[in-house]
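So the structure is just underneath, and the comments pick up after that.
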Amino acid sequence: MLNYLVPAVFCSLALLSACEPKAHESLDPDEDKPITSTNPGTEKDDDPQLETDSIIILALAEVNAVRENGCNCGDQSMPSTSKLSWNTKLYEAASAHAKDMHANNYFSHTSKNGDNLYQRLAAADYITTHTDVITYGENIAFGNFDLKAAIQKWLASQSHCANLMRETYREMAIAQSGNYWVQVFGAKRE
């Protein structure tokens, strides 16, 4: 009977990692190890238009509903906070990282070439000077699931949920390539 349960466990596997400046927690014990699909042959193709209006509306609606109502992130109660807006430059950074992890078969906040989130935000022109940005952060996930499920998996993890609920964030974007998901947050000086 146990042999019938094992495939179901592997098919629901999801790797998650949250990152903000000077804080890093991963649910994957070896971040730089190669990732293989848990369900070969079912991996999604790159979504060339994850930035379509309907996806933006869905992503913002899902995240903002939680932020507006507040929630429990593990044993930590998070109060309601401001809604986020979509930012295309954050999307460029998220998309580039999702595509890079997918193309190079790794799962980490640090790119194979050594770039971190700050450098990816600078490459996407979200950061143009050292004083541009107040705060930024990133959640990543790996698994064969859709946008709603990716957000729910981040909310089910205390560190990812806390990152998603951080009150200092004002903007976000989510991108996907294959089974790789990247959510990027930021707030710029006005």
Side-chain angles (χ1 to χ4, degrees), residues 15-24 26 31-32 35 43-64 66-67 82-151 153-155 160 163-190:
L15 299 175
L16 305 172
S17 187
C19 179
E20 62 179 295
K22 299 181 183 173
H24 177 76
S26 174
E31 286 197 331
D32 294 321
I35 303 296
E43 196 172 287
K44 298 178 199 92
D45 291 332
D46 284 357
D47 183 351
Q49 288 298 316
L50 191 58
E51 195 179 357
T52 63
D53 290 342
S54 61
I55 296 297
I56 292 170
I57 290 167
L58 176 62
L60 287 173
E62 293 287 318
V63 171
N64 284 332
V66 175
R67 287 178 62 91
S82 62
K83 289 183 175 185
L84 300 174
S85 61
W86 189 267
N87 183 286
T88 57
K89 291 184 181 200
L90 291 179
Y91 175 79
E92 289 175 27
S95 181
H97 191 48
K99 288 176 182 176
D100 185 55
M101 286 192 295
H102 184 208
N104 294 296
N105 198 31
Y106 72 97
F107 181 76
S108 177
H109 291 285
T110 304
S111 301
K112 287 285 189 177
N113 69 2
D115 285 353
N116 60 29
L117 177 56
Y118 181 90
Q119 292 158 324
R120 289 191 295 275
L121 293 175
D125 288 330
Y126 185 74
I127 297 174
T128 56
T129 69
H130 290 294
T131 59
D132 272 355
V133 174
I134 297 169
T135 187
Y136 55 90
E138 178 177 75
N139 285 338
I140 60 176
F142 175 85
N144 188 12
F145 36 79
D146 63 13
L147 175 65
K148 280 185 156 188
I151 293 169
K153 289 184 184 301
W154 285 320
L155 289 171
H160 301 87
N163 200 26
L164 186 144
M165 292 297 293
R166 191 163 318 282
E167 68 180 291
T168 54
Y169 296 148
R170 298 291 173 255
E171 302 170 310
M172 71 153 230
I174 297 175
Q176 174 258 338
S177 179
N179 286 343
Y180 295 85
W181 291 88
V182 179
Q183 180 179 37
V184 179
F185 306 96
K188 294 181 80 170
R189 295 193 191 283
E190 308 223 356

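All heavy atoms count here, side chains included; hydrogens, waters and symmetry mates do not. Everything quoted here is computed from the prediction, not taken from an experiment.
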Item to check | salt bridge (Lys or Arg N to Asp or Glu O under 4.0 Å) partners of residues 167-177, not counting sequence neighbours, each pair once | outcome: none
Checklist entry - With sequence neighbours excluded, what pairs up with Leu58 under the side chain to side chain contact (heavy atoms under 4.5 Å, CB included) test? => result Glu62, Leu147, Lys148
Checklist entry - What pairs with Tyr126 under ring pair (Phe, Tyr, Trp, His ring centres under 6.0 Å), at least two apart in sequence or on another chain? => result none
Next on the checklist: Run the salt bridge (Lys or Arg N to Asp or Glu O under 4.0 Å) test against Arg67 and tell me which residues pass, sequence neighbours left out.
Outcome noted: none
Item to check | Partner residues of Asn104 under the side chain to side chain donor-acceptor pair (under 3.5 Å) criterion, sequence neighbours left out | outcome: Asp100
Next on the checklist: Regarding Ser111 and Arg120, do their side chains bring together a donor and an acceptor under 3.5 Å, going by distance alone?
Outcome noted: yes
Checklist outcome for this item: Scanning both residues in full, the closest heavy-atom pair of Gly186 with Leu90 reads N-CD1, 3.8 Å
Next on the checklist: I'd like to know if the side chain of Asn163 and the backbone of Glu138 have a donor-acceptor N/O pair within less than 3.5 Å.
Outcome noted: yes
Checklist entry - Is Tyr136 close to Phe185 at the side-chain level, that is, under 4.5 Å between some pair of heavy atoms? => result no
Checklist outcome for this item: Closest non-hydrogen contact found for Asn64 with Leu84 is OD1-N, 2.6 Å
Checklist entry - Hey, does Tyr91 have a side-chain heavy atom less than 4.5 Å from the side chain of Trp86? => result yes
Next on the checklist: Checking the side chain of His97 only, and the main-chain atoms of Ala175 only, is there a donor and an acceptor separated by less than 3.5 Å?
Outcome noted: no
Checklist entry - Hey, what do you get for CG (Leu121) to CD1 (Ile127), rounding to the nearest 0.5 Å? => result 4.5 Å
Item to check | Test item: Val66 and Leu155 side chains (from C-beta on) under 4.5 Å apart, heavy atoms | outcome: yes
Checklist outcome for this item: In short, Phe107 meets Phe142 closest at the heavy-atom pair CE1-N, 3.7 Å
Item to check | Considering all heavy atoms, the nearest Ile140-Trp154 contact | outcome: O-NE1, 3.2 Å
Item to check | Derivation of the side chain to side chain contact (heavy atoms under 4.5 Å, CB included) call for Gln183 and Leu164 | outcome: CA-CA 9 Å; Gln183 180 179 37; Leu164 186 144; 3.7 Å; yes
Item to check | From NE2 (His160) to CD1 (Ile151), nearest 0.5 Å | outcome: 13.5 Å
Item to check | Interatomic spacing from CH2 in Trp181 to CG in Asn179 - rounded to 0.5 Å | outcome: 9.5 Å
Checklist entry - How many angstroms lie between NZ in Lys83 and CE in Met172, if you round to the nearest 0.5 Å? => result 13.0 Å
Checklist entry - Hey, what do you get for OG (Ser177) to NZ (Lys99), rounding to the nearest 0.5 Å? => result 7.0 Å
Checklist entry - How far does CG of Asn87 sit from OG of Ser85, to the nearest 0.5 angstrom? => result 7.0 Å
Next on the checklist: Going by the rule side chain to side chain donor-acceptor pair (under 3.5 Å), which residues pair with Thr168 if we only count those two or more places apart in sequence or in a different chain?
Outcome noted: none
Checklist entry - What are the two closest non-hydrogen atoms of Asp125 and Lys89, and how far apart are they? => result O-CD, 3.4 Å
Checklist entry - Tyr169 and Ile134: side chain to side chain contact (heavy atoms under 4.5 Å, CB included), yes or no, with the steps? => result CA-CA 9 Å; Tyr169 296 148; Ile134 297 169; over 6 Å; no
